[in-house]
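Comments concern the structure below.
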Amino acid sequence: MSDDTTPADEPKRKDFIRQWIDRDNESGRFGGEVHTRFPPEPNGYLHIGHAKSICLNFALAEDYSGTCNLRFDDTNPCKEEQEYVDSIQEDLAWLGMTPTKVCYASDYFQQLYDWAIQLIEQGVAYVDESTPDAIAEMRGGGLDEGTNSPYRDRPVEESLDLFARMKAGEFSDGSMVLRAKIDMASANINLRDPIMYRVLHAHHHRQGDAWCVYPMYDWAHGLEDSIEGITHSVCTLEFENHRPLYDWFIDQLTDINHPQQIEFARLNLTYTVMSKRKLLRLVQENLVTGWDDPRMPTISGLRRRGYSPEAIRKFCKTIGVAKFNSTIDIQLLDHCLREDLNKTSPRVMAVLDPLKVTITNFSEGDVDQLEAINNPEDESAGTRMVPFTKEIYIERADFMEDAPKKFFRLSQGREVRLRYAYFVTCDEVLKDDAGEIVELKCSYDPATRGGDAPDGRKVKGTLHWVSASECLDAEVRLYDHLFTKENPDATEEGQDFIANLNPDSLKTITAKVEPYLAASTPGDRVQFERTGYFCVDTDSAADALVFNRTVTLKDKWKKIQSKQGGQQKKKKKQGGQQKKKPRLDYSQFKNKKK
RNA sequence: GGGGGAUUAGUGUAAUGGUAACACAAGCGACUCUGACUCGCUUAUUACAGGUUCAAAUCCUGUAUCCCCUGCCA
């Protein structure tokens, strides 16, 4: 994970978390040690938002010569499954992270239980037999102060006895809880006698049926951190209100390690959703093919799509960390991706939308093997041979009748270069009855073999191509944003984010690819020249290749085209004064929780 | 109505009392056997209003806006 480039001459800018750690180190608060952790609940797949947290926590440990644990926060047996534990470990390893230790919150259940008894004995915890509704009612809210539970001052012995019997399974789910005795009038609702344990007769994925009580997050989390010797407990903004409680619990147990909780803003990305609930819904309603659907922002989805761990790490580093609730433009992720793939991906030619071209003056049956560079960014990648024949395919979009001056590609009477091959000139356009172009007749200049004209004549365009007789068919899955709107939650009244799903987020086509690709295996990443970066899908087989489009190449021509179209439209509308786009404000669209 | 946070170019992130930087995006141009890559140039009265100061993004006061908080979820 230390391969991300940080120019040594660039002054290291420190985010607020590193500044905080520096202060702690200066004061000697933790003896100069920095121990972090990544604490997922195993109830879903990791996504790019988790990657931000992962990269942060592991980078902190590395930067300060500390440690970083992976800890499964498995305190709720109802939602958690081994499947998720496995996927999380796989994703973490793929991202290139090696935890110092792999821990489970459930391993601390006995310690937590013993400490709970200690709090009861200290008179700061009690068993409450009120109903869930009654507890909610008594908690109050807003300006209403809470009211004390009638069980709040019951004798210690009674709570001790009841708590032991809760654990033993004598009581039904929801019948009683263990509560901390703090302050029912606190302005911070989290401090109004928060629940520490609930009764749950549920099977735990690691503890089996050993427990009938399970600890709540607020009670458990800080103590888990404390047990592991965590110094800086980094979490997301919504836990800021919980920090006083985090500190309170640890303070009750004198002489245990007291980590510092630090909160940062979670990642939001345009054109996608990040909440586990929404991702789960996409999977459960079969709106995508699964957690690893290449359109999903999950780590497994990105992996299958063809993202590299380097690109994701670079992205996480680039976006930085702060407390401002921001939304990152997906184009920044694309940029980090292209930056890495450009350096690492072998080039190859593939025609996605084939148009047949016959080289009229090329001998029938001849196969001319031409040398092509595998990666201009990496000389060690070497070269390969590409077969050229009388009939080839080019991209349909690379030919245009009555082409404008700015169109550098093929048109009647125009000459272009076929990459690594020859200059060709279009002599004739063949159409079917419907007027559709079905074939081009071109002539080639044998003197330009390899792609250069001995007479020094230049050509403006270079096209990729593939031999019609030597090429392979391949299924290509063209992916686009999963949603049509920057903010999928921006919907009409009565709709939700599902309404903004992009119906064109996947187009499957059959492409013609050069024979060199026959040996490719799932996970291989290549660049289809002039088109984009592609990755061999897990569905791919030797005789049935399947490619996923990871990301397109930047396309200046497309911009020129759309600008010309746009200008015409604008003229029609009126003067076309460009208004400044307002700052992204998603809040007005968010569904308020009732 | 209460509590906790936040606000710097279109989007993000820096600058921690010394005159707004970097990346992406957008636009213009150069280069090019990928209209890719690469390389140039362009883009901010620091949410607003006052105040302190020789000097304010930074300190003070007030205002506005946004986010989070009333699960026996995490």
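So that the names make sense, note that chain A is the first sequence line, chain B the second, and so on, each numbered from 1. The basis for the numbers below is simple: all heavy atoms, side chains too, and nothing from hydrogens, waters or symmetry mates.
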>> Within the 4.5 Å heavy-atom criterion, are A/E228 and A/Y108 side-chain neighbours or not?
In response: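 Yes. Closest side-chain heavy atoms under 4.5 Å.
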Can you tell me the base-pairing partner of [N]? Count Watson-Crick or G-U wobble geometry only, both distances below 3.5 Å, and say none if there is no partner.
N     : value
B/A30 : B/U38
B/G62 : B/C48
B/A14 : none

> In Å and rounded to the nearest 0.5 Å, what is the NZ to CE distance from A/K52 to A/M274?
Replying inline: 9.5 Å
> By centroid distance (under 5.5 Å) and plane angle (under 30°), are A/F408 and B/G35 in a stacked arrangement?
Replying inline: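 Yes, A/F408 stacks on the base of B/G35.
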>> Looking at B/G35 and A/W557: do their rings stack (centroid distance under 5.5 Å, interplanar angle under 30°)?
In response: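 According to the criterion (under 5.5 Å, under 30°), yes, A/W557 stacks.
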>> Just the rounded figure in Å: distance from C1' of B/U32 to NZ of A/K556.
In response: 11 Å
Taking atom [atom1] in both [N] and [M], compute the distance separating them and give it to the nearest angstrom.
N     : M     : atom1 : answer
B/A20 : B/A44 : C1'   : 8 Å
B/C60 : B/A74 : C1'   : 40 Å
B/C59 : B/G5  : P     : 15 Å
B/G51 : B/U58 : C1'   : 15 Å

>> Using a strict threshold of under 4.0 Å (side-chain N to carboxylate O), is an ion pair present between A/R457 and A/D445?
In response: yes
